[in-house]
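Below you'll find the structure, written out as structure tokens, and then a few comments.
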Amino acid sequence: MSGAVDQLLARLRTEDAVLVRVESTQGSAPREAGTWMAVWADALTATIGGGQLEFQATQEARELLAGKRAIDGVQRYPLGPSLGQCCGGVMYLSYQRITAADAPALQRELVAKLKPVALFGGGHVGAALARLLAALPFSVRWIDSRDGVFPDELPAQIDTEHSEPVQDAVAALAPGSRVLIMSFSHAEDLDIVIACLKRLRTRDDLPYIGLIGSKTKWATFSHRLEARGFTADEFARITCPIGVPGITGKEPEVIAVAVAAQLLSI
């Protein structure tokens with residue numbers, strides 16, 4: 001799977017586009033500020049919410065792309081009778097013609113606006129999760145202590161890191177990171193959990209820490225964490241098992257879907 005950022009960057013190598021951004025909204029609107037779509041001469045990448053608004057924005061962007069009009073500043077679109085949409089709010093859109101020269105800056109800008117995920121473990125489930133998360137509104141820091149476990153080519157939304165010992169990577173995670181722990185070793189998993197709990201004590205900026213495993217594994221980890229001085233309230237911050245309830249399949253792709261759904265619910 002490839003995300004919208006990858007699709008944009010790939011096509012931008014050979015073709016210009018217009019980037020339409022949602023700058024702000026008032027009241028009820030189909031998408032939030034920060035949403036974007038790329039308008040090509042014959043296609044779209046991503047969406048600002050569909051409907052008549054997107055149809056009109058697409059027409060205006062293609063006129064700009066063809067040199068038939070200029071669009072200066074942020075444009076206001078009431079989502080009422082004039083657009084035939086019943087949302088009732090207002091959306092403010094900006095238009096920017098983009099070329100291949102803009103690709104590096106666009107990649108940095110668009111990826112920076114995604115929700116950060118720290119994924120510890122390059123095994124089968126980790127690989128399935130990385131592929132899936134790359135198609136969702138997440139940026140992924142994929143971390144392992146082993147060399148040679150990551151694919152050579154990865155989507156723009158994924159950065160890899162070799163860290164030995166692996167738990168040292170926790171200190172440098174982006175604030176707000178959702179942490180997923182699924183290394184090849186239970187000992188490494190425990191070290192990562194401990195590092196995350198220590199970070200919560202000092203910064204409390206990791207909204208989700210998920211550990212792959214069974215209830216039996218978590219019972220063992222709980223005893224070990226308690227022995228190391230962590231309180232029940234502290235290790236209650238760890239989610240184990242991970243994934244939305246009711247999905248019981250153990251195939252890596254099935255686990256990935258259940259975990260991605262849980263991340264989206266946060």
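Atom set for the values below is all heavy atoms of this structure, side chains included, hydrogens, waters and symmetry mates excluded. By convention here, the first residue in the shown sequence is residue 1.
A continuous path of ILVMFWY side-chain contacts below 4.5 Å connects Met182 to Phe138, so both sit in one hydrophobic cluster.
Counting heavy atoms from C-beta outward, Trp40 and Arg62 have side chains that stay 4.5 Å or more apart. Trp36 is listed as a side-chain neighbour of Leu8, based on a closest heavy-atom distance under 4.5 Å. Counting heavy atoms from C-beta on, the side chains of Phe221 and Leu190 come closer than 4.5 Å. A heavy-atom distance below 4.5 Å is not found between the side chains of Ile98 and Val18. Contact check for Glu54 versus Leu44: side-chain heavy atoms found under the 4.5 Å cut-off. In this structure, the side chains of Leu65 and Glu15 stay at 4.5 Å or more apart for every pair of heavy atoms. In this structure the side chain of Val90 never reaches within 4.5 angstrom of the side chain of Ser24, judged on heavy atoms.
Between the side chain of Gln167 and the backbone N or O of Asp191, no donor-acceptor pair lies under 3.5 Å. Judged by distance alone, the side chain of Ser222 and the main-chain N or O of Trp218 form a donor-acceptor pair under 3.5 Å. In this structure, Glu188 contributes its side chain and Ser185 its backbone to no donor-acceptor pair below 3.5 Å. Using a distance-only test at 3.5 Å, with no hydrogens or angles considered, no donor-acceptor pair links the side chain of Arg199 to the main chain of Asp205. In this structure, the side chain of Ser177 does not engage the main chain of Leu173 through any donor-acceptor pair within 3.5 Å. Side-chain N or O atoms of Arg203 include none that pairs as donor or acceptor with a backbone N or O of Arg201 at under 3.5 Å. Looking only at distances, a side-chain donor or acceptor of Asp6 sits under 3.5 Å from a matching main-chain atom of Ala156. In terms of modelled atom types and a separation under 3.5 Å, the side chain of Ser163 and the main chain of Pro165 share a donor-acceptor contact.
Ser94 pairs by the side-chain hydrogen bond (donor to acceptor under 3.5 Å, both in side chains) definition with Glu23, not counting sequence neighbours. Phe150 pairs by the ring-ring contact (aromatic ring centres under 6.0 Å, His included) definition with Trp142, not counting sequence neighbours. Residues meeting the side-chain hydrogen bond (donor to acceptor under 3.5 Å, both in side chains) test with Asp16, sequence neighbours left out: Arg97.
With rounding to the nearest 0.5 Å, the separation of CZ in Arg131 from CD1 in Ile158 is 9.5 Å. Atom CG of Leu53 and atom CE of Met91 lie 5.5 Å apart (nearest 0.5 Å). To the nearest 0.5 Å, atom CG of residue Leu263 and atom CG of residue Leu136 are 9.0 Å apart. Here the straight-line distance linking atom CE of Met37 with atom CZ of Arg31 works out to 11.0 Å at 0.5 Å rounding. Atoms SG and CD1, on Cys196 and Ile238 in that order, are 6.5 Å from each other to the nearest 0.5 Å. Annotation: the span from Leu19 atom CG to Leu93 atom CG amounts to 11.0 Å, rounded to 0.5 Å.
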Test side-chain contact (heavy atoms from CB on, under 4.5 Å) applied to Val193 and Phe235, step by step: CA-CA 9 Å; Val193 168; Phe235 54 77; over 6 Å; no

Go through the steps to decide whether Glu234 and Leu200 satisfy the test side-chain contact (heavy atoms from CB on, under 4.5 Å), and finish with yes or no. CA-CA 8 Å; Glu234 285 181 307; Leu200 288 181; over 6 Å; no

Pair Leu133-Gln157, side-chain contact (heavy atoms from CB on, under 4.5 Å): steps then yes or no: CA-CA 9 Å; Leu133 294 176; Gln157 290 168 231; over 6 Å; no

Just list the side-chain donor-acceptor pairs under 3.5 Å for residues 206-214, sequence neighbours left out, or say none.
residue, atom, partner, partner atom, Å
Tyr208, OH, Gln262, OE1, 2.6
Ser214, OG, Thr216, N, 3.4
Ser214, OG, Lys217, N, 3.1

Would you give me the side-chain donor-acceptor pairs under 3.5 Å for residues 106-130, sequence neighbours excluded?
residue, atom, partner, partner atom, Å
Glu109, OE1, Arg21, NH2, 3.1
Glu109, OE2, Arg21, NE, 3.2
Glu109, OE2, Arg21, NH2, 3.0
Glu109, OE2, Lys113, NZ, 3.4

Expected list for residues 244-256: side-chain donor-acceptor pairs under 3.5 angstrom, two or more places apart:
none

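Side-chain polar atoms of Glu32 and Thr25 form no donor-acceptor pair below 3.5 angstrom. For the residue pair Glu60 and Gln56, a side-chain donor N or O sits within less than 3.5 Å of a side-chain acceptor on the partner.
Of the charged side-chain nitrogens involved, none lies within less than 4.0 Å of a carboxylate oxygen, so that Arg224 and Asp189 do not count as a salt-bridged pair. In summary, Arg146 and Glu164 do not engage in a salt bridge, as defined by a charged side-chain N under 4.0 Å from a carboxylate O. For the pair Glu63 and Lys68, the salt-bridge criterion is not met [side-chain N within less than 4.0 Å of a carboxylate O].
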